[in-house]
*Asks:* 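Take this structure, written in structure tokens, and hold onto it; I'll ask about it next.
Per chain, numbering begins at 1; letters A, B, ... match sequence-line order.
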Amino acid sequence: MVLRSKTYKDESNWYKLDNAAKIYPAISGPGSGSVFRVAVQLRQDVDPQILQEALAVTIPRFPTLAVKMKRGLFWYFFDANHETPRVTVEKAPPCRAVEVDENNGFLFRVSYFKKRISLEIFHALTDGTGAMVFLKTLTAQYLTLLGHGLFSDEGILDCEAYPSISETEDSFGKYYDPRIKSKWKEEKAYHVRGTRVSPENLGIVHGIVPTDSFRKLVRESNTTVTGYIAALIIYSIYRTQLHSRIYNSPVKISIPVNLRNYFPSRTVRNFSSYVNVGIKFTGEDRSFESILEQVTETMKDELKQAKLVEKISANVNAERNILMRIAPLVLKNVVLRTAYNAFGEKLFTCSLSNLGRISVPEPMREFIERFEFLLGPPVTNLLNSTVCTFGETMMISFTKVMYENDIEKFFFRFLAEKGIDVTIETN
Amino acid sequence: MKYCEKCKVKIDMELTRCPLCSAVLTGSDGATAGEHGTMKQDGGEVPGAPKDRKPGGSSDDTGDVSRAEDSKYPAAVVEAAYKYNFVLRLFLFISVVISSTCLLINILTFRGVLWSAYVAGTLLYVWITVGYPVFAKRKLGQIIVLNTIATAIYVYSLELATKTQGWGLTYVTPFLFIASTLFITFVILLKRLKWREYAVYQTILVIMGFLPVIFCAVGLVTAIWPSIFSAFYSFLTVTGMFIFGDKKYKDELIKRFHL
């Protein structure tokens with residue numbers, strides 16, 4: 001039933017986990033699987049049979065995703081997986097942990113629901129940008145098998161071609177500076193208060209806004225889309241949770257940064273860092289405008305290549321520390337998990353991941369309604385958010401493990417008051 | 001499309017109340033049609049969450065993927081991964097009861113021997129060698145390596161505690177290493193397809209097989225021949241692995257032991 005364009009039976013095909021990936025196996029459990037989702041909403045119901053065929057053709061093109069994770073004595077590693085991943089019907093909740101025995105050992109899940117094709121993937125394999133390359137290539141292949149012709153460019157890979165070395169490289173190791181040592185010193189952030197629910201009850205709130213009118217609003221404020229949304233999340237938390245009260249810990253938004261925009265990398269593996277943007281509320285009233293100005297300023301400052309190099313170098317050098325390397329995997333997992341629980345999410349209030357504008361080849365556009373992007377449940381925090389833009393549709397999504405919805409309510413009401421046409425969807 | 005007058009937002013679902021503020025929505029289409037499908041929605045909970053479903057009932061019913069025509073997310077819920085393990089907790093509690101009771105009796109009737117430590121140590125040994133592999137569902141190779149290490153340490157501790165040197169490290173440990181190595185060799189011969197995985201454990205055991213020679217060198221043992229025998233058996237095993245495993249064995253070692 002399944003087709004395979006070609007099979008890599010090369011036994012020596014294996015990969016070390018990249019620098020960013022190394023944390024995820026240690027901190028992932030049944031509750032939080034470090035899984036995120038990129039999805040495409042088509043104009044017609046998905047045909048699972050064709051999607052299965054498309055997946056079988058697409059997966060060999062992505063050798064760094066066609067893997068299973070194995071334990072070494074010192075590190076985990078990815079070993080080539082020659083099975084075929086299965087397409088399944090989508091089940092709730094989204095972004096739940098990918099079990100090892102669930103999909104022939106693959107660390108991702110391709111599922112369909114009505115018109116949507118979802119790719120839920122373990123973060124150790126790749127980041128949002130890498131996952132989007134896979135999803136777009138899969139979608140193009142799916143549409144091709146449906147008889148809509150061939151598609152190329154705009155990040156779609158040719159499934160007949162042999163994978164290039166630049167796609168499978170660990171770019172962290174390529175662009176770091178061995179002289180920069182880590183100096184992790186960051187203030188803990190304010191934490192959203194709310195009633196925690198189990199990850200099975202993950203709540204999703206999408207706000208769909210027209211790209212043009214939102215961008216116009218952003219331009220008028222002299223900032224960026226991410227800057228505006230980050231400032232508005234901070235403002236929403238401030239107004240709903242700590243208005244006119246003094247808090248010693250700042251409200252901080254953690255913003256992942258796609259490093260491919262700063263370095264000439266084409267990798268399909270992880271290559272992102274983050275900036276934490278925080279505002280400390282010291283009692284006096286803060287207007288949205290003043291928060292926006294400060295956030296924009298901080299982001300401009302933090303998003304310099306030198307600062308990003310500093311950040312990735314600190315991580316790579318920590319990973320390459322000889323003591324870290326010779327520690328047995330069991331011990332490493334304990335150390336990494338403890339460190340993540342002590343710092344990790346404690347350093348930010350909410351994350352905001354903007355995947356940016358998704359582009360597809362012009363002939364493919366008519367088959368696609370929109371792209372979606374979701375993060376899985378946070379471990380110690382209660383809320384995170386994502387942005388994903390396709391054509392005229394910008395989706396601002398909140399994923400949360402709390403009952404209260406004051407923050408999203410404030411957020412979207414604020415946008416509506418600014419004259420933006422907001423459409424809400426929830427799960 | 002429904003509309004919330006309070007939030008000033010559109011709602012692209014057949015709801016009666018706003019998901020943000022619970023205000024009654026306005027909008028003409030399907031005001032009553034979506035009624036029964038959306039009743040559950042108003043609770044603010046994901047409908048069909050595990051607690052209001054019978055276990056096992058939800059994982060396979062692919063027919064139940066949507067609860068209403070317009071729903072954006074499936075209703076079929078995968079069961080919660082977390083399970084309360086009563087047996088594990090029972091054994092854990094029994095272990096604590098036994099060791100603490102022994103400690104208490106030991107202290108109250110102390111005659112110079114801390115015998116309760118033997119009880120606690122033995123219980124710990126049983127937990128590591130039997131309890132952990134069973135409850136954590138470890139793989140056979142891991143269990144063998146873990147049990148070999150735990151048994152070697154347990155035997156040596158007994159030897160020290162009872163001041164009866166001359167049996168554990170001298171005879172039990174070398175033959176234990178040989179037995180474990182031999183056992184894995186048989187497993188590899190039986191489970192040929194999974195030989196890679198076991199080759200790793202085999203390698204760890206082979207390295208351990210050379211340890212008795214070090215014990216000899218530092219004078220911890222009373223008879224030398226079992227230790228020499230253990231090292232020799234390890235040498236034969238590793239030679240066999242390289243000869244029969246060929247390049248694949250070397251590749252597997254590089255993967256599993258990369259720093």
*Asks:* Using a 6.0 Å cut-off, check whether atom NZ of B:K6 has over 12 heavy atoms from anything other than its own residue.
*Replies:*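 Not more than 12 within 6.0 Å, no.
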*Asks:* Does any part of the side chain of B:R256, heavy atoms only, come nearer than 4.5 Å to the side chain of A:K70, both counted from C-beta?
*Replies:*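 In contact.
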*Asks:* Heavy atoms only: give me the nearest A:I424-B:V9 pair and the separation to one decimal.
*Replies:*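 Heavy atoms of A:I424 and B:V9 come nearest at CG1-CG2, 3.6 Å.
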*Asks:* Do other residues, nucleotides or ligands put more than 12 heavy atoms under 6.0 Å from B:R192 CZ?
*Replies:*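 Incorrect, the count does not exceed 12.
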*Asks:* Verify the neighbour count for atom CZ of A:F414: are there more than 12 heavy atoms of other residues, nucleotides or ligands below 6.0 Å?
*Replies:*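 Buried by this count: over 12 neighbours within 6.0 Å.
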*Asks:* Report yes if the side chains of B:H258 and A:W14 come closer than 4.5 Å at any heavy-atom pair, otherwise no.
*Replies:*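 Answer yes - side chains close enough.
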*Asks:* Does any N or O in the side chain of A:N405 come within less than 3.5 Å of the main-chain N or O of B:C21, such that one atom is a donor and the other an acceptor?
*Replies:*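 Looks like no, no N/O pair under 3.5 Å.
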*Asks:* Does B:Y73 have A:R116 sitting over its ring (NZ/CZ under 6.0 Å from centre, angle to axis within 45°)?
*Replies:*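 Geometry flag: set, cation within 6.0 Å and 45°.
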*Asks:* Between A:V205 and chain B, which part of the residue has a heavy atom less than 4.5 Å away: side chain, backbone, both or neither?
*Replies:*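 Side chain only.
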*Asks:* Going by heavy atoms in the side chains, are A:T423 and B:I11 under 4.5 Å from each other?
*Replies:*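 They are not in contact (no side-chain heavy atoms under 4.5 Å apart), so the answer is no.
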*Asks:* Are more than 12 heavy atoms from other residues, nucleotides or ligands located less than 6.0 Å from atom CZ of B:F235?
*Replies:*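 It does not: B:F235 CZ has 12 such atoms or fewer within range.
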*Asks:* Could you look at A:D406 and say if it's the side chain, the backbone, both or neither that has a heavy atom under 4.5 Å from chain B?
*Replies:*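 For A:D406, neither part sits under 4.5 Å from chain B.
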*Asks:* Go through the steps for B:K72 and A:N427 under the test side chain to side chain contact (heavy atoms under 4.5 Å, CB included), then give the verdict.
*Replies:* CA-CA 6 Å; B:K72 309 293 180 195; A:N427 68 334; over 6 Å; no
*Asks:* Do you know which two heavy atoms are closest between A:A416 and B:C7, and how far apart they sit?
*Replies:*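 That would be CB-O, 3.6 Å.
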*Asks:* Where do B:F257 and A:F74 come nearest, in terms of heavy atoms and distance?
*Replies:*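 So the two residues come closest at O-CD1, 3.6 Å.
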*Asks:* Is it the side chain or the backbone of A:I204 that comes within 4.5 Å of chain B heavy atoms, both, or neither?
*Replies:*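 Contact with chain B is through the side chain of A:I204 alone.
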*Asks:* Of the backbone (N, CA, C, O) and the side chain (C-beta and beyond), which part of B:I254 lies under 4.5 Å from a heavy atom of chain A, both, or neither?
*Replies:*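 Both backbone and side chain of B:I254 come within 4.5 Å of chain A.
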*Asks:* Please classify the contact of A:E372 with chain B as side chain, backbone, both or neither, using a heavy-atom distance under 4.5 Å.
*Replies:*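 Contact with chain B is through the side chain of A:E372 alone.
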*Asks:* Among A:K409, A:R71, A:R413, A:E417, which has the most heavy-atom pairs under 4.5 Å with chain B?
*Replies:*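 Option with the top pair count is A:R413.
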*Asks:* What are the two closest non-hydrogen atoms of B:L20 and A:E408, and how far apart are they?
*Replies:*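 Minimum heavy-atom separation between B:L20 and A:E408: CD2-CB, 4.2 Å.
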*Asks:* How many angstroms lie between CZ in A:R320 and CG in B:L259, if you round to the nearest 0.5 Å?
*Replies:*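 Rounded to the nearest 0.5 Å, the CZ-CG separation comes to 12.5 Å.
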*Asks:* What's the verdict on side chain to side chain contact (heavy atoms under 4.5 Å, CB included) for B:K10 and A:V422, showing C-alpha distance, side-chain angles and the deciding distance?
*Replies:* CA-CA 6 Å; B:K10 286 187 219 155; A:V422 183; over 6 Å; no
